[in-house]
Number of protein chains: 2
Amino acid sequence: MTSTISETREGGAADPPPARRRLPQQGPTLHDELLAALRDYIVEGHLADGARVPERLLCERFGISRTPLREALKVLAAEGLIDLLPNRGARVRELGADELRALFDVMGGLEALAGRLACERINDAELAEIEAVHHEMYRFYLRRDMSGYFRCNQDIHQMIVAAAGNPALEATYASFAGRIRRVRYSANLAKDRDRWGEAMREHEAILDALRRRAGAELSDILFQHLRNKRKAAQAEG
Amino acid sequence: MTSTISETREGGAADPPPARRRLPQQGPTLHDELLAALRDYIVEGHLADGARVPERLLCERFGISRTPLREALKVLAAEGLIDLLPNRGARVRELGADELRALFDVMGGLEALAGRLACERINDAELAEIEAVHHEMYRFYLRRDMSGYFRCNQDIHQMIVAAAGNPALEATYASFAGRIRRVRYSANLAKDRDRWGEAMREHEAILDALRRRAGAELSDILFQHLRNKRKAAQAEG
DNA sequence: CTCGATCAAAATGAATGCAAAACAGCATCA
DNA sequence: TGATGCTGTTTTGCATTCATTTTGATCGAG
């Protein structure tokens with residue numbers, strides 16, 4: 001990621017503007033890079049919930065003027081990552097339990113759709129890839145390696161969405177995933193051994209339905225899978 | 001709609017800026033109104049497919065400067081209504097057959113989700129409302145009144161989405177509906193008597209599943225319903 | 001006559017400037 | 001002592017300005 005936009009480090013806030021480079025705007029637009037950088041910055045959780053997002057500060061941090069920053073903020077507001085209060089600046093959107101549930105349900109619906117579409121298009125090679133990751137995930141499960149398990153888990157869901165071959169779906173899914181990722185729902189499966197096993201069984205069912213190209217069935221499983229995931233995450237607050 | 005933003009009429013383009021009023025920014029933000037106005041303007045199809053969207057012109061039309069307009073354009077680009085080519089301005093996004101199919105599929109997935117959620121929450125009063133519109137639609141069908149039929153049809157789908165009680169879903173659904181509405185898919189049911197009857201039967205099934213609160217089943221029906229709708233629309237291109 | 005290069009005009013991307021609104025601190029008063 | 005009104009500062013929203021790129025046209029060569 002050799003981006004033009006680079007965050008100056010977080011700790012020392014008293015940096016003089018680091019001599020803005022004036023490279024001749026080669027390929028990608030400055031605005032787009034800034035947008036992506038800001039989105040990552042927020043999704044990664046560097047800003048506290050409900051925290052003000054002062055323009056001035058971010059301008060200095062990213063070394064740009066207010067105009068492109070404000071454009072990016074409008075887009076992020078439209079995406080639902082921040083709230084834009086008139087004359088009162090931007091705040092990181094806080095997610096109440098209800099909103100979080102709503103987002104999870106939409107994620108479930110999107111995955112359900114992805115599963116249905118994937119059953120129509122997926123070929124054996126793609127399926128084999130997913131199966132490979134699935135087995136890797138199973139090994140992590142046996143070893144009780146949560147971080148590895150999570151990584152595989154996320155990869156599988158992402159691969160199903162990709163297998164749907166629907167760019168609009170993929171983009172929407174990514175957007176919702178970002179909104180949810182902000183939340184620290186440490187769905188701590190280690191403390192809930194039952195849920196972990198249940199999730200593993202659900203994944204077996206997912207793969208089985210996918211192998212059989214059973215679209216409607218896979219759709220249901222995926223939606224319920226997300227539901228259960230949400231419940232496990234919220235139960236533990 | 002007594003909006004601050006009002007389009008000057010379309011025909012005469014040689015209007016001098018109509019003495020911009022400087023009211024003290026009362027309630028709603030100027031930017032938001034502009035955004036909504038522009039979105040409507042594009043969704044309503046006032047701009048040809050792939051047409052350039054010249055900033056200057058729109059600035060004069062809406063009586064504002066380029067800054068808020070450009071902010072709105074960024075948002076619309078993020079929503080997928082327009083393409084923003086670097087240094088080459090904005091163009092109304094053209095939808096090829098593939099993209100249109102992808103959008104329809106997502107709409108189908110969203111409606112499927114809405115149906116599932118609606119089955120969990122809907123009460124008898126809401127159900128009765130939908131049934132009322134359904135019967136009204138049936139009367140339009142018997143009279144072969146397409147425009148009335150379409151209106152009811154759209155209302156029903158909207159009501160199902162609303163009954164899901166999920167703001168995020170509702171917003172996403174509205175966004176996709178706007179993107180699709182741009183397309184002139186005159187799903188001319190008059191010419192395809194069979195499809196019209198079939199659609200009517202599908203709606204009967206939808207209502208039946210909703211009455212029985214059969215979420216998964218309704219989900220399938222709605223997705224297939226959208227699929228068939230798309231096929232009918234595209235068959236006639 | 002067609003194709004390519006050069007140059008003026010327009011449009012875009014970003015920065016700066018300015019007026020209005022919100023915020024913070026202090027003084028005043030009940 | 002606590003609430004309230006005033007004032008200076010900061011922040012936001014929009015307009016304007018500047019630099020760069022694209023666009024269109026004219027001219028010339030093959």
Side-chain angles (χ1 to χ4, degrees), chain A residues 3-6 13-14 16-38 47 50-78 82-92, chain B residues 3-6 13-14 16-38 47 50-78 82-92:
Chain A
S3 168
T4 305
I5 305 290
S6 63
R20 257 200 315 278
R21 26 196 186 299
R22 285 220 166 251
L23 47 145
Q25 214 62 269
Q26 39 206 14
T29 350
L30 170 61
H31 165 94
D32 280 337
E33 290 191 45
L34 171 66
L35 177 60
L38 241 186
L47 266 47
R52 287 193 62 161
V53 185
E55 299 181 357
R56 180 76 53 168
L57 197 79
L58 290 174
C59 286
E60 290 168 6
R61 166 182 294 285
F62 290 106
I64 53 162
S65 93
R66 284 176 54 215
T67 307
L69 180 84
R70 284 169 58 67
E71 291 172 353
L73 287 181
K74 303 281 197 229
V75 174
L76 294 180
I82 62 178
D83 285 322
L84 226 46
L85 293 82
N87 284 321
R88 247 181 283 169
R91 287 177 184 278
V92 178
Chain B
S3 168
T4 305
I5 306 289
S6 62
R20 262 202 304 283
R21 26 195 185 298
R22 286 223 163 247
L23 45 145
Q25 213 62 270
Q26 40 204 19
T29 351
L30 171 61
H31 165 94
D32 280 338
E33 289 191 45
L34 170 67
L35 178 60
L38 241 186
L47 267 49
R52 285 193 66 156
V53 185
E55 297 181 358
R56 180 73 53 166
L57 197 78
L58 290 174
C59 287
E60 290 168 8
R61 168 181 294 283
F62 290 106
I64 53 163
S65 92
R66 283 177 54 213
T67 308
L69 180 83
R70 283 167 63 49
E71 291 172 352
L73 288 180
K74 305 281 194 218
V75 174
L76 294 181
I82 62 178
D83 285 321
L84 227 45
L85 294 83
N87 284 322
R88 250 177 277 165
R91 289 176 184 279
V92 178

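Letters A, B, ... mirror the listed sequences (proteins, then strands); counts begin at 1.
Here the side chain of A:N87 is nearest to one of D:dT11, C:dA21, D:dT23, namely C:dA21. The side chain of B:R70 approaches C:dG13 more closely than any other nucleotide in the set D:dT16, D:dT12, C:dG13. Taking only side-chain atoms of A:P68, from C-beta outward, the nucleotide of C:dA15, C:dA11, C:dA22 with the closest atom is C:dA15. Relative to the side chain of B:S65, the nucleotides C:dA14, D:dA15, C:dG17 differ in distance, and D:dA15 lies closest. Listed nucleotides: D:dT16, C:dT16, D:dT12. Nearest to the side chain of A:E55: D:dT12.
Whole-Å rounding puts the A:E60 CD to C:dT16 P distance at 13 Å. Straight-line distance from the CZ atom of A:R66 to the C1' atom of D:dG13: 7 Å, rounded to whole Å. A:R52 places its CZ atom 14 Å from the P atom of D:dT10, with the value rounded to the nearest Å. Summarising the geometry, the separation between NE2 on A:H31 and C1' on C:dA15 is reported as 16 Å, rounded to the nearest angstrom. A straight line from CD of B:E33 to P of D:dC14 spans 10 Å, rounded to a whole angstrom. The CG atom of B:L69 sits 14 Å away from the P atom of D:dT16 (whole-angstrom rounding). A:L57 has its CG atom 15 Å from the P atom of D:dT10, to the nearest Å. Here C:dA14 presents its C1' atom at 14 Å from CG of B:L84, a figure rounded to the nearest Å.
Between the NZ atom of A:K74 and the CG atom of B:L35 there is a distance of 9.5 Å, given to the nearest 0.5 Å. Of the inter-residue distances, the one linking B:R52 atom CZ with B:I82 atom CD1 reads 12.5 Å to the nearest 0.5 angstrom. Note that the CG atom of B:L38 and the CD atom of B:E71 stand 12.5 Å from one another [nearest 0.5 Å].
The side-chain heavy atoms of B:L84 and A:D32, taken from C-beta on, include no pair separated by under 4.5 Å.
For A:R88 and D:dG13, a side-chain-to-base donor-acceptor distance below 3.5 Å is absent, hydrogens and geometry of angles not being considered.
Looking at residues two or more places apart in sequence or on another chain, you find no side-chain hydrogen bond (donor to acceptor under 3.5 Å, both in side chains) involving B:R91.
Nearest-nucleotide assignment on DNA chain C puts the 5′-proximal partner with B:R56, out of A:R91 and B:R56.
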